[in-house]
Amino acid sequence: PPPGGWCGLIGCAPPPPPPTSEPVDTIAPSAPLIASPAEGSTFNVRSFTISGTAEEGSTVELFEGLVSKGTAQANTSGQWSINLTGISDGSHSYTAKAKDAAGNVSAESEARTVIVDTIVPTITGMSPKPNTTGVSPTANVAVTFSEAMIRSSLTRTTLKLLRKGTTRAVGASLSYPAPNKVVLNPTDPLVRGATYRVTIVGGTSGAKDLAGNALIASVSWTFKVRA
């Protein structure tokens, strides 16, 4: 018989063809893209969703440093998302990798930083200080907070200066010399001998930090201008 073949009563047969092999996929998928939340986003809750795109059907794994935070499969549109809960306050940096059906693993995605801040702001400085007497008629009112604040939450509506015995706020302009400080500059000199009340409004319609945490409650204090 021919090499690898066989012979019978009716003749000889050639050897069978060599077995064919399926092509092996050794190409790693492209690195995933983290699309949401935006870089530097700040949350005042301890849960949020990381989402993005990757190779269709690949398994995306999310990491914070070397710690896996979960996996998700990219759908037919390449979309994936992973829900995170119980996140501690502070800055968190996430990356992702994709693994295809053949087990090829992609390079690491670009990092995405997210900040969690559930701590409410407090007032750490007041000028003039509460119950101060002998204040200059040209004095400004300054309020310092424990952290950076949303500037649009510090307005003439949420920072008020009233002279005792009146109900109309003193005309003034506001400035913001630091992310955590606001200064009220009265348009006209304060009345000599008069007592003034400063109020910072708290609650949902009041002063808020960058994460949207509101001052728990309104804060008021008085001072007296020198005669």
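Just so it is clear, the structure is predicted and the values come from calculations on it, not from any experiment.
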Tabulate below the donor-acceptor pairs under 3.5 Å that side-chain atoms of residues 31-44 make, not counting sequence neighbours, or state none.
from: E39; atom 1: OE1; to: T113; atom 2: N; distance (Å): 2.9
from: E39; atom 1: OE2; to: T113; atom 2: OG1; distance (Å): 3.4
from: S41; atom 1: OG; to: A38; atom 2: N; distance (Å): 3.2
from: S41; atom 1: OG; to: A38; atom 2: O; distance (Å): 2.7
from: N44; atom 1: ND2; to: A211; atom 2: O; distance (Å): 3.2

* So how far is it from I50 CD1 to L84 CG, rounded to the nearest 0.5 Å? -> 5.5 Å
* Answer whether the closest heavy-atom distance between the side chains of T157 and V201 falls below 4.5 Å. => no
* How long is the gap from CG on L62 to CD1 on I82, to the nearest 0.5 Å? -> 4.5 Å
Which donor-acceptor pairs under 3.5 Å do the side chains of residues 114-126 make with protein atoms, sequence neighbours left out?
from: D117; atom 1: OD1; to: I119; atom 2: N; distance (Å): 3.0
from: T118; atom 1: OG1; to: R46; atom 2: NH2; distance (Å): 3.1
from: T118; atom 1: OG1; to: D89; atom 2: OD1; distance (Å): 2.7
from: T118; atom 1: OG1; to: D89; atom 2: OD2; distance (Å): 3.2
from: T122; atom 1: OG1; to: S146; atom 2: OG; distance (Å): 3.4
from: T124; atom 1: OG1; to: T144; atom 2: O; distance (Å): 3.3

* Check: N83/T49 side-chain N/O donor and acceptor closer than 3.5 Å -> yes
* Nearest non-hydrogen partners of P29 and S106, listed with the distance -> O-CB, 3.0 Å
* What residues join L210 in its hydrophobic cluster, counting side-chain heavy atom gaps under 4.5 Å, either direct or through other members? -> I150
* Please answer whether the main-chain N or O of A207 pairs with a side-chain N or O of T158 as donor and acceptor at a distance below 3.5 Å. => no
* Asked: What ring pair (Phe, Tyr, Trp, His ring centres under 6.0 Å) pairs are there with at least one residue in residues 51-91, not counting sequence neighbours?
  -> none
* To do: Hydrophobic side-chain clustering at under 4.5 Å (ILVMFWY, transitive links): who's grouped with L66? Put none if nobody.
  => none
* **Residue pairs involving residues 62-77 (criterion side-chain hydrogen bond (donor to acceptor under 3.5 Å, both in side chains); sequence neighbours excluded)** => E61-S68, E64-H92
Using atom types as modelled, flag every donor-acceptor pair under 3.5 Å from a side chain in residues 159-180 to any protein atom, sequence neighbours excluded.
from: T166; atom 1: OG1; to: R163; atom 2: O; distance (Å): 2.6
from: Y176; atom 1: OH; to: L154; atom 2: O; distance (Å): 2.7
from: N180; atom 1: ND2; to: F145; atom 2: O; distance (Å): 3.0

* Report yes if the side chains of L184 and R156 come closer than 4.5 Å at any heavy-atom pair, otherwise no. => yes
* To do: Just jot down the side-chain hydrogen bond (donor to acceptor under 3.5 Å, both in side chains) partners of E56, sequence neighbours excluded, or say none.
  => none
Sequence neighbours left out, cut at 3.5 Å: what donor-acceptor pairs do the side chains of residues 218-227 make with other protein atoms?
from: S218; atom 1: OG; to: G202; atom 2: N; distance (Å): 3.0
from: S220; atom 1: OG; to: T199; atom 2: OG1; distance (Å): 2.9
from: W221; atom 1: NE1; to: P128; atom 2: O; distance (Å): 2.9

* Any pair counted as salt bridge (Lys or Arg N to Asp or Glu O under 4.0 Å), so long as it reaches residues 170-187, sequence neighbours left out -> none
* Do you know the tightest heavy-atom contact between G206 and S153? -> O-CB, 3.7 Å
For a quick test of your reading: what N or O donor-acceptor pairs under 3.5 Å do the side chains of residues 134-143 make, sequence neighbours left out?
from: S136; atom 1: OG; to: T138; atom 2: N; distance (Å): 3.2
from: S136; atom 1: OG; to: T138; atom 2: OG1; distance (Å): 2.9

* To do: Check whether more than 12 heavy atoms from other residues, nucleotides or ligands sit under 6.0 Å from atom CD of E110, and answer yes or no.
  => no
* Who pairs with T59 by side-chain hydrogen bond (donor to acceptor under 3.5 Å, both in side chains), at least two apart in sequence or on another chain? -> none
